[in-house]
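Residue numbers count from 1 along this sequence. We count ligands from 1, going down the list as the structure has it; atoms in each ligand are counted the same way.
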Amino acid sequence: MKITPLLSVSMAGRHPGSHDYETSMAETATPEQKRGAGGKLSNPDRLELYYYMRLARECDNAILRLYRQGKLVGGAYTGNGNEATAVGSAYALEKRDYLFPMHRDLGAHLVKGQTARNIFLQHLARGNSLTHGRDGTGHYADPSLRIYGNVSHLGAMIPMAVGVALALAMRKEGAVVMNYIGDGGSSVGEFHEGLNMAAVMQLPFILIIENNQFAYSTPTRRQFAAQKLSERASGYGIPGVTIDGTNVSLVFETCMKAVDRARRGEGPTLIESVTMRMHGHSASDDASYVPEGMVDEWRKKDPIDRLEKILLSDHVLTPQSKKKIEEGIKAEVDDAVAFATESPYPPGEDAGKGVYAP
Ligand SMILES: Cc1ncc(C[n+]2csc(CCOP(=O)(O)OP(=O)(O)O)c2C)c(N)n1
Ligand SMILES: [Mg+2]
């Protein structure tokens with residue numbers, strides 16, 4: 001089992017904060033060695049998916065601990081329950097592709113190459129973070145990795161991401177854009193404007209609706225009357241599919257098809273990935289409005305447990321290699337938290353820098 005090189009690559013990472021977040025689109029990104037070649041996941045691929053899902057969850061757990069210790073500057077929004085959707089989808093992307101994630105998609109950031117160190121620098125609002133301490137969570141852009149994190153305004157990133165897809169199509173780059181929105185966020189006007197334009201212009205665009213049953217305290221039955229959010233796709237004349245968002249292999253395979261279609265110039269796909277938000281909206285929300293038993297029901301479909309069981313029964317994972325992965329992830333997260341904690345806050349006189357366009 002080849003987990004050591006994987007961990008060492010990931011831990012070595014890039015130099016946190018060493019690149020300029022104002023740089024325009026990176027010109028250097030080239031396709032990397034293809035994961036899931038031919039749309040099929042090899043055993044090393046499946047182990048890598050397992051590693052990224054577990055890493056995302058451990059990062060989230062550490063973020064929650066820091067929040068409870070009063071060390072986070074802002075709130076804590078975990079992707080617990082969403083790991084298969086975030087990791088499986090981003091795994092279908094190449095280096096040249098663009099990721100426009102939302103606030104449950106830490107796993108997608110990590111798969112696209114973001115380091116745990118940069119994630120914690122960002123959450124702890126340090127001066128050497130990607131936003132130089134100006135904003136926390138995933139509200140950052142990292143052009144060198146082609147990650148454009150969400151702004152707070154739900155839906156606002158969809159037309160932005162479609163604009164990037166238009167630029168890519170005009171430049172004939174062969175790259176695609178993967179964008180995410182929540183069940184709640186899918187009700188805003190920009191969803192329609194962005195997806196309609198992408199469909200009409202047949203842009204290389206994939207939109208994933210992460211249907212995790214709630215938008216803050218509002219259950220899906222009070223958000224939309226349709227049976228499935230993917231049904232909206234036919235209104236735009238594009239393919240739409242609803243999938244079990246706790247099955248990472250299925251998420252990957254579905255997204256890979258959508259990516260291939262987009263790369264061939266055949267236009268966008270709408271994917272509704274159904275899962276459950278296993279925590280409150282944020283760490284300050286006890287989710288007492290969630291009906292009793294619902295979380296327990298969904299826990300039986302925990303995306304990480306599901307893959308772990310399969311890997312163990314296929315003998316791809318053994319108790320020993322599992323322990324090694326766990327230790328590697330713990331070391332990676334501990335290193336990132338320590339590195340970020342020891343990093344200085346930005347100097348006060350820098351507060352106005354980069355806020356207004358020159
Ligand atoms: C346009 C807009 N309205 C309201 C909010 C406040 N808000 C932030 S997250 C959120 C819930 C989003 O729910 P959903 O889209 O389902 O994503 P989830 O948090 O469930 O993953 C709300 C209401 C916002 N950020 N932007
Ligand atoms: Mg939701």
Side-chain angles (χ1 to χ4, degrees), residues 53 56-57 59-60 63-64 67 72 74-90 99-109 123 131 135-140 148-162 178-195 206-232 242-246 251 270-291 294-295 297-298 301-303:
M53 288 201 290
R57 185 161 298 177
C59 286
D60 271 341
I63 288 164
L64 279 181
Y67 175 85
L72 280 203
Y77 308 83
T78 80
N80 195 302
N82 195 65
E83 292 90 348
T85 302
V87 168
S89 54
L99 183 77
F100 281 73
M102 63 151 214
H103 53 283
R104 306 287 173 207
D105 300 321
L106 175 57
H109 292 249
H123 276 83
T131 56
D135 201 343
T137 65
H139 297 169
Y140 72 84
Y148 291 85
N150 55 306
V151 295
S152 270
H153 317 76
L154 297 171
M157 295 302 276
I158 298 177
M160 301 266 296
V162 170
M178 191 169 276
N179 186 196
Y180 303 71
I181 189 76
D183 42 274
S186 73
S187 297
V188 305
E190 286 118 317
F191 175 96
H192 166 70
E193 293 170 31
L195 199 52
I206 300 110
L207 185 59
I208 300 176
I209 303 178
E210 304 182 49
N211 180 351
N212 59 7
Q213 314 303 319
F214 288 89
Y216 215 123
S217 58
T218 309
T220 48
R221 73 186 146 76
R222 294 183 61 197
Q223 297 179 52
F224 49 87
Q227 289 292 316
K228 293 176 177 176
L229 286 170
S230 62
E231 287 170 6
R232 289 183 189 172
T242 294
I243 56 168
D244 176 352
T246 66
V251 172
L270 179 66
I271 298 168
E272 179 190 23
S273 192
V274 182
T275 182
M276 171 71 186
R277 196 194 68 201
M278 297 298 282
H279 289 163
H281 172 73
S282 67
S284 59
D285 169 24
D286 67 4
S288 51
Y289 47 82
V290 173
M294 193 172 172
V295 170
E297 256 329 288
W298 278 90
K301 297 215 302 175
D302 181 283

Should we say atom CE of M160 is surrounded by more than 12 heavy atoms from elsewhere, each under 6.0 Å from it?
no
D302 and T246: CA distance, side-chain angles, deciding distance, side chain to side chain contact (heavy atoms under 4.5 Å, CB included) verdict
CA-CA 7 Å; D302 181 283; T246 66; over 6 Å; no
In ligand 1, the atoms that come under 4.0 Å of a heavy atom of H103 are 17 (O), 18 (P), 19 (O), 21 (O)
Report yes or no: does R104 have a heavy atom closer than 4.0 Å to ligand 1?
yes
So for ligand 1, is G185 a polar contact partner (N or O within less than 3.5 Å, distance only)?
yes
Donor-acceptor contact present, side-chain N211 to main-chain Q213, <3.5 Å
yes
Only one of T85, N82, T275 forms a side chain to side chain donor-acceptor pair (under 3.5 Å) with E210, so which one is it?
N82
Strictly less than 4.0 Å: does any protein heavy-atom distance to atom 6 (C) of ligand 1 fall in that range?
no
Geometric N/O contact N212 with ligand 1, under 3.5 angstrom
yes
At what distance, to the nearest 0.5 angstrom, does NE2 of H123 lie from SG of C59?
9.0 Å
Under 4.0 Å from a heavy atom of H281: give me the atoms of ligand 1 that qualify, with their elements.
9 (S), 10 (C), 11 (C), 19 (O)
Which heavy-atom pair separates V251 from S273 by the least distance, and what is that distance?
CG2-OG, 4.1 Å
Yes or no: does M102 have any heavy atom under 4.0 Å from an atom of ligand 1?
yes
Point-to-point distance, once rounded to the nearest 0.5 Å, from CH2 of W298 to CZ of R277
13.0 Å
Say you draw a straight line from CG of L207 to CD1 of I271; how long is it, rounded to the nearest 0.5 Å?
9.0 Å
So which N/O/S atom does D183 have closest to the Mg ion (ligand 2)?
OD1
From the Mg ion (ligand 2) out to just under 2.8 Å, does an N/O/S atom of N212 turn up?
yes
Would you please test S217 and H281 for side chain to side chain contact (heavy atoms under 4.5 Å, CB included) and show each step?
CA-CA 8 Å; S217 58; H281 172 73; over 6 Å; no
Side chain, backbone, both or neither: the part of H153 lying under 4.0 Å from ligand 1 by heavy atom
backbone
Taking 4.0 Å as the limit for heavy-atom contacts, which would you say applies to F214 with ligand 1: side chain only, backbone only, both, or neither?
backbone
For ligand 1, the portion of D183 having any non-hydrogen atom under 4.0 Å away
both
From F214, does some N, O or S atom reach closer than 2.8 Å to the Mg ion (ligand 2)?
yes
In the protein, what heavy atom is nearest to atom 25 (N) of ligand 1, and what distance, to one decimal place, separates them?
S152 O, 2.7 Å
Considering only heavy atoms of Y216, which atoms of ligand 1 have at least one such atom less than 4.0 Å away?
11 (C)
Is the side chain of Q223 donor-acceptor paired with the backbone N or O of R221 at a distance under 3.5 Å, no angle test?
no
In the protein, what heavy atom is nearest to atom 14 (P) of ligand 1, and what distance, to one decimal place, separates them?
G184 N, 3.5 Å
Going from CG on N179 to CE on M102, what distance comes out if it is rounded to the nearest 0.5 angstrom?
10.0 Å
When distances are taken from atom 23 (C) of ligand 1, the protein heavy atom at minimum range is L154 CD1, 4.2 Å
